[in-house]
Amino acid sequence: MSELLDVFIGESRENLESASQELLEIQSSGPASERVDKIFRDLHTIKGSSDLFDIKPLTRLAHAAEDLLDSVRSNEVTYSDDIGDLLLEALDQISIWFDELEVGSQNIEQWKPISTQLSAQLRHFIDPTASSEVDESSATVNNESPIADPQTLSEEHIALIANFGRNADLDLLCKATGPDCYFIQYTPDEGCFFRGEDPINVTVALPGIKAFNIEMPELGEDADIYNCFTSIKALGVAGEDEIKQHMAYYEGQYSCVSFSTQALKAVCTSKILKCVEAIDDETLNSALNDTDIEQVHASAGLLLASLNFDDSEDDSANRAVLSLLSSIDDLSFLNNEIREDGCSGKDTNTNGSPEAGNSSANEAGDSKRDASKPKTLALHERAMLTQQLTLLNSDNYKSEFMFPSIAGLVGNILGAEFENEDALAVAISNALDEETIQAQANDEQAQQTSNDATAEATQPANTQTANALETIEDTAAPVKAERQAVKMLKVDQSKIDYLMDIVGELTVAKNSLPYLAKQAEEEGGSRKLSKQIKAHFSIVNRLTESLQSAVLQIRMVPVSHVFQRYPRLVRDLARKLDKKIELCMQGEDTEFDKNLIESLSEPLIHLLRNSIDHGIESPAERLAAGKPEVGRIDLIATPLDDSVIIEIRDDGKGIDPQKIKLLAFQKGVISETQLENLDDNEALQLIFAAGFSTSEQVSDLSGRGVGMDAVKTMVSQAGGTIEMQSEVGVGSTFKLLLPQTMSVNRVMMFEVNDQMFGVGMDAVVETVKVPTADIQRIRNEHVLVIREKLIPLCDLREALGFEAAEEREEHSILVVSTPQGEFGLIIDKFHEGIDVIQKPLEGVLAGYAHFSGTALLGDGRVLLIINVQEVLAKCL
């Protein structure tokens with residue numbers, strides 16, 4: 001998949017999600033105009049961007065949906081739930097097509113009938129009397145750009161061409177080799193250089209380019225010289241599709257006007273005939289009157305080779321006309337003028353085209369420019385000369401490397417050649433002399449006054465955007481405002497993940513420094529070197545932690561990234577089950593690691609489906625129970641230190657723990673003894689057992705005994721816990737406690753049986769050393785009293801299958817916090833805390849539930865991370 005298509009799909013998916021969300025809001029709160037406008041803009045963006053690719057079925061469907069929304073906006077069509085359902089179906093279909101485009105499995109031919117059918121259904125709301133065929137043709141026609149009359153050229157177009165000089169139209173006509181011409185204004189983004197873009201190269205590579213101008217405003221003293229402030233105008237010969245393809249990566253940075261070569265010929269007719277009259281060659285005039293194309297070629301070619309032309313505008317025009325006549329294959333556009341005026345050169349315009357304006361411009365500029373006057377410098381040329389003079393006088397100037405480049409640049413501006421630095425500096429100084437600049441200003445004023453009649457739309461070179469483009473449809477907003485709006489940089493997630501892996505490697509490398517310091521002191525006998533290594537470790541540690549924090553912040557996204565998918569799910573399932581349910585979401589701005597929240601998307605869907613199917617009653621049952629007809633589900637995200645709590649609450653019928661225990665016993669999930677001894681809270685947790693379901697019949701939503709156990713497994717794999725509370729007749733609540741990020745963890749290291757283990761620092765309450773006599777035994781369990789609090793103890797040697805240790809006078813206790821309270825882990829030795837990148841267990845170790853993962857230490861050893869919950873379950 002191409003990079004451009006990848007960007008299009010990513011941005012369009014955001015538009016689809018936004019449009020879907022707004023449609024759901026409309027169905028719950030009514031068709032507010034701002035919401036309809038938002039959906040219209042989203043679909044308009046998708047339709048417009050899809051034109052860059054050959055996916056007409058997708059474009060057609062988006063266009064039909066856009067037209068329907070436009071009719072709703074203008075109150076021509078009344079919004080209804082049927083319209084909303086069909087629009088959602090269209091959005092779903094477009095999303096499916098995006099899935100196929102991403103993996104390259106698209107079949108455009110198979111898309112066509114689907115697109116035709118959905119488009120016809122959408123357009124039926126606009127015009128119920130129109131047939132599908134009419135709708136299809138309408139969609140096709142409306143998708144095409146209007147075709148302008150090829151024989152006319154508007155005054156705006158003429159003004160745009162005039163930007164390149166009085167005879168730019170003749171020069172372009174001489175170089176035109178195809179049926180279409182274009183004028184383009186390209187204003188690169190300020191930060192384009194930082195993305196490796198070269199605006200000049202982009203312009204030079206334009207298809208069929210014939211001329212271009214670069215404009216640059218006066219820069220203030222505080223301007224950032226590394227930003228791009230140029231504006232580029234170009235003329236060329238190519239079709240609009242070729243321009244769009246070439247400029248596809250620069251959408252919003254350019255405007256393009258296309259016109260036909262035939263229209264350009266019509267505009268230049270009077271100029272051509274006036275030049276022929278000025279040349280006054282009988283053979284050429286006779287050949288033109290007789291329409292003898294071969295004689296015209298021969299005469300024009302001979303005159304072009306024999307006449308002496310200077311740099312005046314009149315001679316430039318004559319040279320261009322002779323060049324044109326020496327190669328042109330069709331004289332029909334001149335025939336009417338030749339027959340009516342006999343090449344007299346009268347400025348007659350029989351078809352109402354604006355040649356009169358061009359003739360006026362010719363008459364106003366007939367006199368040659370005085371060669372003795374200094375060259376008129378544009379503002380960007382003055383700025384460039386000033387920069388080159390500064391560079392010549394700088395301490396960093398290197399003649400052998402810099403002189404050829406500076407001399408070439410200045411020579412191109414001033415039209416001269418330079419042999420040494422002194423001559424070059426003098427020429428630049430003279431060009432920038434105050435009197436010269438004043439003379440240039442006077443010349444520019446006079447030239448502007450003489451050209452007012454024909455170039456009213458032309459602006460001075462120091463403006464960032466040409467007013468000649470103001471009348472072009474869909475012209476972009478002012479450049480400055482547009483650039484300020486670009487505040488987001490989209491990066492492929494795989495690149496962020498790769499950066500996170502590098503941070504992990506850096507963390508391991510950082511952790512090796514303390515071991516290196518210890519080795520330097522113990523084996524090398526150098527305490528000074530050891531201290532230096534430790535000092536540098538503190539610096540590297542600080543920088544690494546800052547880098548970790550920065551990368552983690554990049555990966556953090558609000559939970560709304562996932563939450564916004566669920567209103568559609570709740571709506572569809574509620575309709576399927578004939579229930580009325582309202583979904584209320586809170587804390588959508590709470591941030592999560594993107595990988596983590598994506599991995600929890602599926603568990604949250606299971607919990608919502610559970611609440612919809614098992615929790616919320618039917619409207620009749622709710623009314624009979626004295627409840628509102630519409631059930632309510634709350635989806636709440638709340639930050640808590642370095643964790644996040646996600647709650648799913650419903651006001652449904654709740655769960656009867658006695659019924660749960662009985663069903664679990666009947667399904668063989670628990671024994672008869674457990675049936676008698678389980679309390680209500682323990683009974684409720686049975687819904688997370690594998691193969692257990694409270695549904696009495698199997699449906700496409702529930703009853704298969706899978707789902708809730710999978711939810712608990714996925715939550716545990718993410719390093720979180722899940723709790724469930726319920727009250728019969730009131731409702732149920734599922735609470736998920738999750739780490740905010742799953743990438744870099746700080747763990748407390750400790751030693752058992754000469755092996756290193758770790759436990760998450762967020763679970764550590766305190767570390768203590770106590771005499772063996774302080775450990776007491778109650779009901780076959782070891783306990784310790786700390787500050788009048790009873791702490792149950794677990795010997796990790798026994799829990800992990802190691803041999804019992806010899807009797808000791810003192811024990812090291814690691815107190816950890818769990819949802820069931822505080823517990824103490826009896827270990828052999830404490831070690832320092834360390835930052836690690838935790839990796840999940842794989843292969844044979846994946847079956848050991850009492851380990852949650854592994855990490856690599858700086859000295860190459862593998863650290864096993866203890867799963868406190870599982871270890872305590874086995875120990876106590």
Side-chain angles (χ1 to χ4, degrees), residues 51-52 145 147-188 192 197-216 228 230-268 271-272 316-317 319-321 323-324 327-330 333 358 378 380 412 455 457-459 461 465-469 471-476:
D51 280 335
L52 294 171
S145 300
I147 301 175
D149 184 355
Q151 301 301 322
T152 61
L153 201 62
S154 69
E155 291 188 12
E156 287 82 8
H157 293 174
I158 296 171
L160 295 178
I161 298 173
N163 280 281
F164 294 85
R166 173 179 156 188
N167 296 316
D169 47 1
L170 285 175
D171 291 334
L172 180 61
L173 186 58
C174 290
K175 300 171 183 177
T177 56
D180 299 306
C181 302
Y182 66 84
F183 169 88
I184 188 170
Q185 172 148 329
Y186 170 37
T187 307
C192 64
E197 296 174 8
D198 183 351
I200 304 299
N201 189 53
V202 171
T203 305
V204 172
L206 277 166
I209 186 171
K210 302 303 179 186
F212 70 93
N213 288 336
I214 303 176
E215 297 177 356
M216 187 174 74
C228 179
T230 60
S231 178
I232 303 173
K233 297 175 182 177
L235 279 177
V237 181
E240 188 175 359
D241 290 340
E242 294 179 80
I243 300 300
K244 282 186 177 181
Q245 184 175 358
H246 179 75
M247 301 295 291
Y249 286 95
Y250 311 102
E251 282 294 328
Q253 299 181 31
Y254 76 96
S255 297
C256 181
V257 176
S258 296
F259 51 91
S260 69
T261 305
Q262 192 66 26
L264 184 60
K265 287 179 179 179
V267 169
C268 293
K271 272 191 174 185
I272 294 172
S316 296
R319 182 170 54 242
V321 168
S323 176
L324 174 66
S327 59
I328 196 166
D329 293 328
D330 180 21
F333 72 100
N358 282 324
H380 73 279
N412 288 336
T458 304
Q459 290 292 314
T465 56
N467 288 344
L469 296 179
T471 58
I472 301 173
E473 186 176 356
D474 293 333
T475 299

**OP:** Determine the minimum heavy-atom distance between Ser260 and Ala263, stating which atoms define it.
**Re:** OG-N, 3.0 Å
Original post:
Can you check whether Ile272 reaches Lys265 side chain to side chain, under 4.5 Å on heavy atoms?
Top reply: no
**OP:** Supply the atom-to-atom distance Asn213 CG to Ile232 CD1, rounded to the nearest 0.5 angstrom.
**Re:** 10.0 Å
**OP:** Considering non-hydrogen atoms only, spot the tightest contact between Thr261 and Ala176 and give its length.
**Re:** CG2-CB, 3.8 Å
Subject >> Interatomic spacing from CD in Gln262 to SG in Cys181 - rounded to 0.5 Å >> reply: 11.0 Å
**OP:** Please tell me if the side chains of Asp169 and Cys268 come closer than 4.5 Å, counting only heavy atoms from C-beta onward.
**Re:** yes
Original post:
Which pair of non-hydrogen atoms, one from Leu172 and one from Phe259, has the smallest distance, and what is that distance?
Top reply: CD2-CZ, 4.0 Å
**OP:** Could you tell me which residues satisfy side-chain contact (heavy atoms from CB on, under 4.5 Å) with Asp241, sequence neighbours excluded, listed by chain and number?
**Re:** none
Original post:
Out of curiosity, Leu170 CG to Arg319 CZ, how far, rounded to the nearest 0.5 Å?
Top reply: 11.5 Å
Original post:
Where do Glu240 and Ser258 come nearest, in terms of heavy atoms and distance?
Top reply: CB-OG, 3.7 Å
Original post:
From Ile184 CD1 over to Ser255 OG, what is the distance, rounded to the nearest 0.5 angstrom?
Top reply: 8.5 Å
**OP:** Using a 4.5 Å cut-off on heavy atoms from C-beta on, say whether the side chain of Tyr186 contacts that of Met247.
**Re:** yes
**OP:** Applying side-chain contact (heavy atoms from CB on, under 4.5 Å), name anything that partners Pro179, two or more places apart in sequence or on another chain.
**Re:** none
Can you give me every donor-acceptor pair (side chain of residues 198-212, partner residue at least two apart or in another chain, under 3.5 Å) with its distance?
{"from": "Asp198", "atom 1": "OD1", "to": "Ile200", "atom 2": "N", "distance (Å)": "3.2"}
{"from": "Asp198", "atom 1": "OD1", "to": "Asn201", "atom 2": "N", "distance (Å)": "3.3"}
{"from": "Thr203", "atom 1": "OG1", "to": "Pro199", "atom 2": "O", "distance (Å)": "2.9"}

Subject >> Phe183 side, atom CZ; Lys233 side, atom NZ - distance, nearest 0.5 Å >> reply: 5.5 Å
Subject >> Leu235 side chain near Asp171 side chain, heavy-atom distance below 4.5 Å >> reply: no
